[in-house]
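Convention: sequence-line order gives letters A, B, ...; per-chain numbering from 1.
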Number of protein chains: 2
Amino acid sequence: MFRFGYDVVMSSVTPAARPLRRDAERNRLRILEAAREVYADRGLTAGFDEIARVAGVGVGTVYRRFPDRADLVEALFDQQVDDVVARVEAAADHEDAWEGLCAFARWGVQTQAADRGLAQVLSSAGHGHDRVAAGRDRIEPAVRALVRRAQQAGALRPDVTELDLGMTVAMISRIGGVADQDLRERFLTLALDGLAVRRDGPSALPARRPSQHDLGCVAELARPAR
Amino acid sequence: MFRFGYDVVMSSVTPAARPLRRDAERNRLRILEAAREVYADRGLTAGFDEIARVAGVGVGTVYRRFPDRADLVEALFDQQVDDVVARVEAAADHEDAWEGLCAFARWGVQTQAADRGLAQVLSSAGHGHDRVAAGRDRIEPAVRALVRRAQQAGALRPDVTELDLGMTVAMISRIGGVADQDLRERFLTLALDGLAVRRDGPSALPARRPSQHDLGCVAELARPAR
DNA sequence: ACCGAAACGGAACAGCCTTTCCACTTCCAC
DNA sequence: GTGGAAGTGGAAAGGCTGTTCCGTTTCGGT
């Protein structure tokens, strides 16, 4: 059977070519908003049913507009990637190379803790499509430059790479709940002390100590079944 | 209806009181062995069906012997907890307090990486029953003593607790696959450099650097749905 | 105001785990 | 060897999640 009027998938937040019907466009925006919220606190494994519920539309509507998760991810994170690049570049402009690096790491930890979906998109290949991949390819060299600069300034140990920094930030961002910024700050401070070439004494640590429960949460982290 | 001959659950590896029939005992041991294997590489979320398959028995048999996961966990990890206590105590006897702490951390990271189930039982409350809980209660003060000793020796920063150490070990144990010991070693070295009171230069780092893929794996770690 | 295309919602389906149940087999005390 | 309790395997029931499909509603051009 021949189909006219098949559904067109928009791959960006700004609609293109043949415009959607007004109600459809409204729903599309609602879905994107809902998806941002849901992905931020549950991660990209959240189901379309939950996004549909939050958006106040039927599941079918979500599936029609975004046939699979990658389409939705692509539409959502495009612009957030720009933010990250801007941050790295700002950090690279910091007068003190080491301070710039620390500031970026701090921002990265808290940002990724507040938005699990973003964390996944940034660090792990195979979410989204080419636009997302292109975004990652812009971020990587920028972070590498940041790392190099701190190394040339003699502050960051010369034997680590931008991926060491990325792993450290990614791991620490998984600590605690949304509100536990000070706990993450604590561990980041320790980690940065480890990444510095040398220091005379320990940096001041946020007072919030880990609890048994915090430890339990870390121990339960697992790779999703897929 | 009145039931005689209800199934008795053994809560330890060594059977007690009314003995099982010979075939039942054989199966029970097979199940424990299979469970150890499965829990070690998939973690405690693995299903009874998989354990049954590996043990070569029907699911029903597993359920009859161990009505729920906690019973199985209790039977399995009792003795492993003893190993941990022995290790902490050995570490506490090390002539150099700092070296003892490092050795214990190294052992902890690799052990927990090789056995996800053990990692969960050790760090997170609410697996198993009282025997497991009692085991945790023996480990905690032993680690605390280890930490104190290293602090009194002026080697470990005074503002961290045994839980800081536990979290660090737990997180690093989640890095990489079973075979990536050197990668975990790398991150542990960095972390320990951060936990030391002072050092003049960076410690030598294992050459194995993290890859994009390693970063991706970390970013995908999530709390299981429960 | 009307009509056909576009879009909608959610029930229905399919796959996957977990748990229960029972007809059949194995063991062992006599 | 035999009787009956103990133990077994796997099919079936139930719950959960992800995806498709189609009868109904909404939109917008005429």
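Side-chain contact between B/Val160 and A/Leu205 is present, with heavy atoms from C-beta onward closer than 4.5 Å. For the pair A/Gln80/A/Arg36, a side-chain contact is recorded, criterion being any heavy-atom separation below 4.5 Å from C-beta on. A heavy-atom distance below 4.5 Å is found between the side chains of A/Arg28 and A/Leu32.
Nearest nucleotide to the A/Leu20 side chain, out of D/dT19, C/dA7, C/dT18: C/dA7. When distances are taken from the side chain of A/Val59 to each of D/dT8, D/dA11, C/dA11, the shortest belongs to C/dA11. In this structure, the nucleotide among C/dG9, D/dT19, C/dT20 sitting nearest to the side chain of B/Tyr63 is C/dT20. In this structure, of C/dA7, D/dC27, C/dT20, it is C/dA7 that holds the atom nearest to the side chain of A/Arg65. Residue A/Asp23 places its side chain closer to D/dT26 than to any other of C/dG9, D/dG18, D/dT26.
Straight-line distance from the CZ atom of B/Arg64 to the P atom of D/dG10: 13 Å, rounded to whole Å. The nearest whole Å value for the distance from the CD1 atom in B/Ile31 to the P atom in D/dG7 is 12 Å. One atom, CZ of B/Phe48, and another, P of C/dC16, lie 21 Å apart when rounded to the nearest Å. If you take CZ of B/Arg28 and P of D/dG9, they are 16 Å apart, rounded to a whole angstrom. Rounded to whole angstrom, the span from the CZ atom of A/Arg22 across to the C1' atom of D/dT25 amounts to 16 Å. Remark: P of C/dA7 and CG of A/Leu29 are 14 Å apart, rounded to the nearest angstrom. A/Ile51 has its CD1 atom 17 Å from the P atom of C/dG10, to the nearest Å. If you take CZ of A/Arg30 and P of C/dA7, they are 16 Å apart, rounded to a whole angstrom.
Using a 4.0 Å cut-off, no side-chain N or O of B/Arg21 falls inside it from OP1 or OP2 of C/dC28. For B/Asn27 and D/dT8, the shortest distance from a side-chain N or O to OP1 or OP2 is below 4.0 Å. Proximity of A/Thr61 to the phosphate of C/dA7: no side-chain N or O atom is located under 4.0 Å from OP1 or OP2.
In this structure A/Ala103 satisfies the side-chain contact (heavy atoms from CB on, under 4.5 Å) test with no other residue, sequence neighbours excluded.
More than 12 heavy atoms of other residues, nucleotides or ligands sit less than 6.0 Å from atom CZ of B/Arg208.
Toward the 5′ end of DNA chain D lies the nearest nucleotide of A/Gly47, the other residue of the pair A/Gly47 and A/Gly60 mapping further downstream.
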